[in-house]
Amino acid sequence: MKLSLDSGPGIVVTATGEGWIRVGTAEVRENAVLTRDEVVTPWAAAGFEALVEADFAALLGLKPELVLFGSGGRQRFPAPRLLKPLYEARIGVETMATAAACRTFNILSGEGRRVVAALIVAA
């Protein structure tokens with residue numbers, strides 16, 4: 001799926017597909033974290049089924065106001081206990097399919113929000 005949005009400076013997801021996302025002109029084929037300024041890989045390298053609390057706790061250092069969790073090709077919710085570090089820090093979490101998380105990231109990042117997208121990309 002090709003995405004287009006003029007979101008100003010910063011990271012922009014320009015396309016998504018099964019097992020990949022494109023950030024600007026660079027393809028990312030591993031699970032990743034996006035901030036307005038950087039792509040952090042690897043993240044949750046073992047995939048959705050192997051997620052642990054520490055994967056989400058690692059996002060705290062990025063100081064987000066909101067975390068978008070892209071759960072892969074379809075919406076799947078992580079166990080609430082895994083999100084405990086974010087909840088305790090009063091950081092909002094939204095779960096959606098990865099393509100939807102990318103679209104939402106572009107919009108919120110373009111508005112200047114401190115959003116982090118934690119994405120399951122690899123199949």
Quick one: list whatever passes salt bridge (charged side-chain N to carboxylate O under 4.0 Å, His left out) with Glu30, sequence neighbours left out. none
Please answer: with hydrophobic residues joined when any side-chain heavy atoms are less than 4.5 Å apart, are Met96 and Ile120 in the same cluster? no
Between side-chain atoms of residues 75-84 and protein atoms elsewhere (two or more places apart, or another chain), which donor-acceptor pairs fall under 3.5 Å?
from	atom 1	to	atom 2	distance (Å)
Gln75	NE2	Thr95	O	2.8
Arg76	NE	Ser71	O	3.3
Arg76	NH2	Ser71	O	2.8

Do Leu59 and Val115 sit in one hydrophobic cluster, given that two such residues count as connected whenever their side-chain heavy atoms are within less than 4.5 Å of each other, even indirectly? no
Has the side chain of Thr14 got a donor or acceptor atom that lies under 3.5 Å from a matching backbone atom of Gly24? yes
Hey, can you pull the donor-acceptor pairs under 3.5 Å for the side chains in residues 42-57, sequence neighbours left out?
from	atom 1	to	atom 2	distance (Å)
Trp43	NE1	Asp55	O	2.9
Asp55	OD2	Val52	N	3.0

Does any non-hydrogen side-chain atom of Leu119 lie less than 4.5 Å from one of Cys102? yes
Heavy-atom check, side chain of Leu108 versus side chain of Leu66, under 4.5 Å: yes
Set of side-chain hydrogen bond (donor to acceptor under 3.5 Å, both in side chains) partners for Arg114, sequence neighbours left out: none
Any side-chain heavy-atom pair from Glu94 and Thr104 closer than 4.5 angstrom? no
Could you walk me through whether Leu34 and Val23 pass the side chain to side chain contact (heavy atoms under 4.5 Å, CB included) test, one step at a time? CA-CA 9 Å; Leu34 307 181; Val23 178; 4.2 Å; yes
Listed by chain and number, what are the side chain to side chain contact (heavy atoms under 4.5 Å, CB included) partners of Ala89, not counting sequence neighbours? Leu60, Ile91
Measure from the side-chain N and O atoms of Asn106 to the backbone N and O of Val12, and report whether any donor-acceptor pair falls under 3.5 Å. no
Find out if a path of hydrophobic residues (ILVMFWY) with successive side-chain heavy-atom gaps under 4.5 Å connects Ile11 to Val28. yes
What residue pairs, at least two apart or across chains, pass ring-ring contact (aromatic ring centres under 6.0 Å, His included) with a residue in residues 84-114? none
Which atom of Thr41 lies closest to which atom of Ala32, heavy atoms considered: CG2-CB, 3.5 Å
As an exercise, state the distance from CZ of Arg22 to CZ of Arg29, rounded to the nearest 0.5 Å. 9.0 Å
Sequence neighbours left out, what passes side chain to side chain contact (heavy atoms under 4.5 Å, CB included) with Thr35? Give chain and number order. Asp37, Glu38, Leu62, Val116
